[in-house]
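Worksheet for the structure shown next.
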Amino acid sequence: MSSGRHALPSRWGKLYREIAKFGMVGASGFVVNLAVFNLIRTVTDWQTVRASVLATVVAILSNYLGLRYFAYRKRAQEDRNSRRKELTLFLLFSAIGLVIENSVLYATTYGLGWDGTLATNVSKFIGIGVATLFRFWSYRTWVFRTAGSRETADSLPEPVVPYPEPVLSGSWERT
C-alpha cells in the first residue's frame, strides 16, 4: 500500500519521464523526417506531399524502434501475438498521424500555394506537431499498454484524500 500523500507526485514523475522519453524518440524522428524530406526534395523532382509521405514513413519506422525498445520497453509485450497486435495498432495510429501531418502540408502547398523550401518546412513542422499530440495519446493508450488490458485497481495508487471523512455517530432519524 502506498501513501496517498506521495501517490500524486509519483504519478506526475512517471508521466514526466514518459513524456521525456517520448520526446527524445520524437525529436530523433523529427530530424529523420525533415532530413529525408529535404533530401528527396533536393535530389528528385517529386511533388511536395509525395516526398513528405515517404519521409514520414521512414520516420515512423525509426520511431517504432525507439519507442518499443527505449520509451516503452517495460510496457512492450513479449509474446508473438501481442507483438503482432502492438505493431498493427502502431501502424494504424501512425497512418492516422501521417494523414494529419500531411494534411497540413497539403493545405498550405496546394490550398495556399506555399511551395517554397521555408514554407514547406514550416508547414511540415506544424503538421508534425499536431500529429505528435495524437500519436502520444494513441500510443500510450492503445499500443504500448501495460501487461494485461488496463491497469487494475490493485496496481493503482490509493487516491489522495485531503481530509479524513467525518464519522457520524448516532442516528439522524427521530425516534
Side-chain angles (χ1 to χ4, degrees), residues 11-112 114-151:
R11 273 191 162 170
W12 282 110
K14 287 179 183 178
L15 181 62
Y16 173 76
R17 285 187 297 278
E18 181 180 346
I19 290 171
K21 287 181 176 183
F22 185 89
M24 290 171 62
V25 172
S28 69
F30 173 77
V31 170
V32 167
N33 197 331
L34 284 180
V36 171
F37 173 68
N38 285 298
L39 179 67
I40 292 170
R41 294 274 293 167
T42 303
V43 176
T44 71
D45 59 349
W46 281 21
Q47 296 172 344
T48 303
V49 176
R50 184 177 296 172
S52 179
V53 168
L54 180 59
T56 304
V57 168
V58 172
I60 286 170
L61 296 175
S62 72
N63 283 351
Y64 177 73
L65 297 174
L67 291 170
R68 182 164 205 314
Y69 296 107
F70 174 66
Y72 294 115
R73 73 173 177 249
K74 290 181 182 175
R75 291 184 178 188
Q77 304 294 325
E78 293 306 321
D79 68 355
R80 188 178 210 166
N81 289 334
S82 294
R83 185 174 286 181
R84 185 176 300 130
K85 181 179 177 184
E86 173 190 280
L87 183 58
T88 301
L89 288 171
F90 179 84
L91 292 174
L92 171 71
F93 290 119
S94 293
I96 294 169
L98 180 143
V99 170
I100 292 168
E101 175 184 329
N102 288 291
S103 293
V104 173
L105 184 63
Y106 182 88
T108 58
T109 302
Y110 301 110
L112 301 175
W114 299 346
D115 197 23
T117 302
L118 179 61
T120 55
N121 279 289
V122 168
S123 298
K124 191 133 174 74
F125 177 81
I126 292 168
I128 289 171
V130 174
T132 296
L133 295 174
F134 169 76
R135 288 177 180 132
F136 177 72
W137 169 81
S138 63
Y139 294 165
R140 80 181 304 265
T141 304
W142 299 102
V143 180
F144 298 107
R145 298 189 315 191
T146 55
S149 62
R150 290 266 185 197
E151 293 180 322

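Atoms considered below: every heavy atom in the structure, side chains included; atoms not considered: hydrogens, waters and symmetry mates. Not measured: the values here are computed from a predicted model.
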[atom1]/[X] to [atom2]/[Y] distance, rounded to the nearest 0.5 angstrom?
X	Y	atom1	atom2	answer
L98	I128	CG	CD1	10.5 Å
L118	F125	CG	CZ	12.0 Å
I60	L67	CD1	CG	11.0 Å
K124	N33	NZ	CG	3.5 Å
F37	W46	CZ	CH2	12.0 Å
N121	N38	CG	CG	4.0 Å

So, the side chain of [X] versus the backbone of [Y]: is there a donor-acceptor pair under 3.5 Å, distance only?
X	Y	answer
S94	F90	yes
T120	T117	yes
T108	L105	yes

Go through R135 and N63 one step at a time and tell me if the side-chain contact (heavy atoms from CB on, under 4.5 Å) criterion holds. CA-CA 11 Å; R135 288 177 180 132; N63 283 351; 5.8 Å; no
Restricting to non-hydrogen atoms, name the atom on [X] and the atom on [Y] that form the minimum distance, rounded to 0.1 Å.
X	Y	value
S62	G29	OG-CA, 4.4 Å
A131	G97	CB-O, 3.4 Å
A51	I40	CB-CG2, 3.5 Å
A119	W114	CB-CB, 3.6 Å
T56	N102	OG1-ND2, 3.6 Å

Counting only heavy atoms not in F134 (residues, nucleotides, ligands), do more than 12 fall under 6.0 Å from its CZ? yes
Decide if atom CZ of F136 counts as having more than 12 heavy atoms of other residues, nucleotides or ligands within a radius under 6.0 Å. yes
Can you list the steps and then say if W142 with L92 is a side-chain contact (heavy atoms from CB on, under 4.5 Å)? CA-CA 11 Å; W142 299 102; L92 171 71; over 6 Å; no
CA sep, side-chain torsions, deciding dist, call: Y110, D115, side-chain contact (heavy atoms from CB on, under 4.5 Å): CA-CA 8 Å; Y110 301 110; D115 197 23; over 6 Å; no
Would you check, one step at a time, whether the test side-chain contact (heavy atoms from CB on, under 4.5 Å) holds for M24 with F70? CA-CA 10 Å; M24 290 171 62; F70 174 66; 3.9 Å; yes
Are any of the side-chain heavy atoms of Y64 and L91 separated by less than 4.5 Å?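 With C-beta onward as the side chain, the pair stays apart.
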